[in-house]
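Since the model is a prediction, treat every value here as computed from it, not as a measurement.
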Amino acid sequence: MRRQEISILKAIGIILMVVGHSGCPALLRDAIYQFHMPLFFIASGMCLKEEHIGNIKGFVIRKIKGVWWPYVKYGTLFLLLHNVFYHLNIYNSSYGYLDSVSNLYTIKDFLWKFTKVIRMTGSEQLLGGFWFLHALFWGSIIGVLTLSVLKKKSGVTLILLMIFTLLFCYFNVDIRYVYITSTTLLAASFFLIGYICKNIKNTDYIYPVAIIAIVLGILYGADGMMISKMNLIVPYIIVATLCTLAVYQCSKLMLRYEKLSKCLAYIGDNSLQILVWHFLSFKLVSLLIIVIYDLPIESLAKFPVIEDVGQGWWLAYVLVGVVIPLLVQRIFQYCYLIARKLMFKAKIIAC
């Protein structure tokens, strides 16, 4: 049974992700990056059912269908479109993310990058957020596997995962071919935290505690899940968990408002589509900026957004980054239904 508060929680998380990528004010971005990605791993852990722990094979199959396949499907699509995007200046050799620019792919490039897509170890720039799917796939499997081995002793399992996270970070471990790192184990730790906290009771104390935690995180903590300093991992886990629990409590309070909760639940249930399409959707706003400010068309390749223009454009990026993917999803669903009806009519005529 779908828990609507979890869908709302995911909606808040995905909107915050788009805001964080939009070129928003630095302070807002720093606050968002204290918890917005751990929120998704914790939400996934909250949805873990007891029968999944005793059925590892079934759980892995679920993750292959629900996480690996979307990664490969969209990863392959965007890979095949790379040269098309290059000719449209969505990619080019002048601009990109930081110092990373693009060139036309050869057949050899396509084949090599396709092997990375299959292994979930690399995707196109426009799918930059797909590191999350890799971490979710392996993190959840590692979490359930360790829970099963340790006979559902969730506290012991969490401590063990956190220890391995610290060790992987300290020794800079990277398991080749599948790219399991300290970030992967950190994702597994958050997944376990979600499992432990899924029936947590409401408390108004969580709000001031979360505010204090996020302020301390901004001042002294890590800037996101890609943590390179071992001493920042445990404080980051604490800050991200407290903030996520505060947002989770807000999500449950929003259930009182039917229209708002339905709207947010719809966004949350389609968060994958926003993850897939929001960077490409950003290009519509970038194109508008290019026209208004008479910038060279090559500026379209600036990633994720064009920042060196007037303030306030980040709001347009957020609006487009959330709305356009949802419209694309609705169009796909409508076309699918039309296609099914046409096929059904064709079968009746043939009979």
Worksheet item: Is there a side-chain contact between Ile42 and Cys197, using heavy atoms and a 4.5 Å cut-off?
Response: no

Worksheet item: How close do Gly13 and Phe40 get, heavy atom to heavy atom, and via which atoms?
Response: C-CZ, 3.3 Å

Fill in: CD on Glu307 to CD1 on Ile289, rounded to 0.5 Å
10.0 Å

Discussion item. For the CG atom of Leu245 and the OG atom of Ser251, what is their distance to the nearest 0.5 Å?
Written reply: 11.0 Å

Worksheet entry | Exceeds 12 heavy-atom contacts within 6.0 angstrom, atom CD of Glu50 | yes

Fill in: Beyond-backbone contact of Val178 with Arg119, side-chain heavy atoms, under 4.5 angstrom
no

Worksheet item: Can you tell me how far the NE2 atom of His52 sits from the OG atom of Ser140, to the nearest 0.5 Å?
Response: 11.0 Å

Worksheet item: Honestly curious: do Leu81 and Val328 fall in one hydrophobic cluster under the side-chain, below-4.5 Å linking rule?
Response: yes

Worksheet item: Nearest 0.5 Å, what's the CG-CZ distance between Leu167 and Phe164?
Response: 7.0 Å

Response to the item:
Correct closest heavy-atom pair for Cys169 and Ile227 would be SG-O, 3.8 Å

Worksheet entry | Arg29 (side chain) donor-acceptor with Val19 (main chain) under 3.5 angstrom | no

Item to complete: Taking the side chain as every heavy atom from C-beta outward, state whether Val18 and Phe282 have any atom pair closer than 4.5 Å.
Response: yes

Fill in: Heavy-atom donor-acceptor pair, Ser100 side chain to Gly96 backbone, under 3.5 Å
no

Item to complete: Mark yes when over 12 heavy atoms from residues, nucleotides or ligands other than Tyr170 sit less than 6.0 Å from its OH; otherwise mark no.
Response: no

Item to complete: Could you grab the distance from atom CD1 of Ile90 to atom NE2 of His82, nearest 0.5 Å is fine?
Response: 11.0 Å

Discussion item. Please evaluate residues Arg3 and Met46 with respect to the criterion side-chain contact (heavy atoms from CB on, under 4.5 Å), reporting the C-alpha separation (whole Å), side-chain torsions for both, the decisive distance (0.1 Å), and the verdict.
Written reply: CA-CA 10 Å; Arg3 295 170 60 186; Met46 287 179 172; 4.3 Å; yes

Item to complete: Please answer whether the main-chain N or O of Glu298 pairs with a side-chain N or O of Asn92 as donor and acceptor at a distance below 3.5 Å.
Response: yes

Practice prompt. Taking the six-membered ring for Trp and the single ring otherwise, decide whether the centroids of Phe132 and Phe41 are under 6.0 Å apart.
Written response: yes

Worksheet item: Can you name the nearest heavy-atom pair linking Ile290 to Leu300, along with the distance?
Response: CD1-N, 3.5 Å

Discussion item. Is there a path of hydrophobic side-chain contacts, each under 4.5 Å between heavy atoms of I/L/V/M/F/W/Y residues, joining Leu319 to Val305?
Written reply: yes

Worksheet item: Is there a donor-acceptor pair under 3.5 Å between the side chain of Ser189 and the backbone N or O of Leu185?
Response: yes

Practice prompt. Answer yes or no on whether Lys302 is positioned over the face of Tyr95, meaning its NZ or CZ is under 6.0 Å from the six-membered ring centre and within 45° of the axis.
Written response: yes

Worksheet item: Salt-bridged, Lys262 to Asp269, with N to O below 4.0 Å?
Response: no

Discussion item. Taking atom CD1 as the centre, does Ile107 end up with more than 12 heavy-atom neighbours from other residues, nucleotides or ligands that are less than 6.0 angstrom away?
Written reply: no

Fill in: Donor-acceptor pair, side chain of Ser271 and main chain of Gly268, under 3.5 angstrom
yes

Worksheet item: Which word best sums up how the rings of Phe279 and Phe303 line up, parallel for under 30°, tilted for 30 to 60°, or perpendicular for over 60°?
Response: tilted

Worksheet item: For Tyr179 and Trp131, what are the C-alpha separation, side-chain angles and deciding distance, and is it a ring-ring contact (aromatic ring centres under 6.0 Å, His included)?
Response: CA-CA 10 Å; Tyr179 194 57; Trp131 69 266; over 10 Å; no

Worksheet item: Looking just at side-chain N and O atoms, do Tyr74 and Gln273 make a donor-acceptor pair shorter than 3.5 Å?
Response: yes

Item to complete: Would you check if Trp313 and Ile306 make a side-chain contact, meaning some heavy-atom pair closer than 4.5 Å?
Response: no

Discussion item. If you compare all heavy atoms of Gly20 against all heavy atoms of Ile32, which two are closest, and at what distance to 0.1 Å?
Written reply: N-CD1, 4.1 Å

Response to the item:
Rounded to the nearest 0.5 Å, the CG atom of Leu158 sits from the OH atom of Tyr195 at a distance of 12.5 Å

Item to complete: Quick one: do Leu327 and Val323 satisfy side-chain contact (heavy atoms from CB on, under 4.5 Å)? Show the steps, please.
Response: CA-CA 6 Å; Leu327 289 176; Val323 172; 3.9 Å; yes

Item to complete: Please report the C-alpha distance between Tyr91 and Tyr86 in whole Å, then the side-chain angles of each, then the deciding distance to 0.1 Å, and finally whether the ring-ring contact (aromatic ring centres under 6.0 Å, His included) criterion is met.
Response: CA-CA 4 Å; Tyr91 298 137; Tyr86 187 88; 8.0 Å; no

Practice prompt. Determine the interplanar angle of the His36 and Tyr33 rings, folded into 0 to 90°, and report it as parallel if under 30°, tilted if 30 to 60°, perpendicular if over 60°.
Written response: tilted

Worksheet item: Would you say Leu326 and Tyr336 are hydrophobically clustered, going by side-chain heavy atoms of ILVMFWY under 4.5 Å?
Response: no

Worksheet item: Would you say the side-chain atoms of Asp109 pair up with the backbone N or O of Thr106, donor to acceptor, closer than 3.5 Å?
Response: yes

Response to the item:
Ser281 and Pro325 have their tightest heavy-atom pair at OG-CD, 3.7 Å

Worksheet item: When you check the gap from the basic side-chain N to the acidic O, do Arg62 and Glu51 get nearer than 4.0 Å?
Response: no

Discussion item. For Leu161, is there any backbone N or O sitting under 3.5 Å from a side-chain donor or acceptor partner on Thr165?
Written reply: yes

Worksheet item: Okay, side chain of Trp68, backbone of Ile118: is any donor-acceptor separation there less than 3.5 Å?
Response: yes

Worksheet item: Can you name the nearest heavy-atom pair linking Ala316 to Val285, along with the distance?
Response: O-CG2, 3.8 Å

Practice prompt. Indicate, with yes or no, if Trp112 and Phe110 share a hydrophobic cluster defined by side-chain heavy-atom contacts under 4.5 Å among Ile, Leu, Val, Met, Phe, Trp and Tyr.
Written response: no

Discussion item. When you compare the side chain of Tyr248 with that of Leu39, does any pair of heavy atoms fall below 4.5 Å?
Written reply: no

Practice prompt. Report the C-alpha separation of Phe59 and Ile53 in whole Å, then their side-chain angles, then the decisive distance to 0.1 Å, and conclude whether the side-chain contact (heavy atoms from CB on, under 4.5 Å) test is met.
Written response: CA-CA 8 Å; Phe59 184 79; Ile53 301 174; over 6 Å; no

Worksheet item: More than 12 foreign heavy atoms under 6.0 Å from OH of Tyr257: is that the case here?
Response: no

Worksheet item: Is there a side-chain contact between Leu287 and Ile297, using heavy atoms and a 4.5 Å cut-off?
Response: yes

Worksheet item: Run the side-chain contact (heavy atoms from CB on, under 4.5 Å) check on Ser123 and Tyr71 step by step: do they pass?
Response: CA-CA 9 Å; Ser123 59; Tyr71 189 108; 3.8 Å; yes

Discussion item. Just so I know, are the side chains of Leu147 and Leu48 near enough to count as touching, which here means a heavy-atom distance under 4.5 Å?
Written reply: yes

Fill in: Heavy-atom check, side chain of His278 versus side chain of Tyr317, under 4.5 Å
no

Discussion item. Side-chain heavy atoms nearer than 4.5 Å, only ILVMFWY residues, links allowed to pass through others: does that put Val209 and Val239 together?
Written reply: no

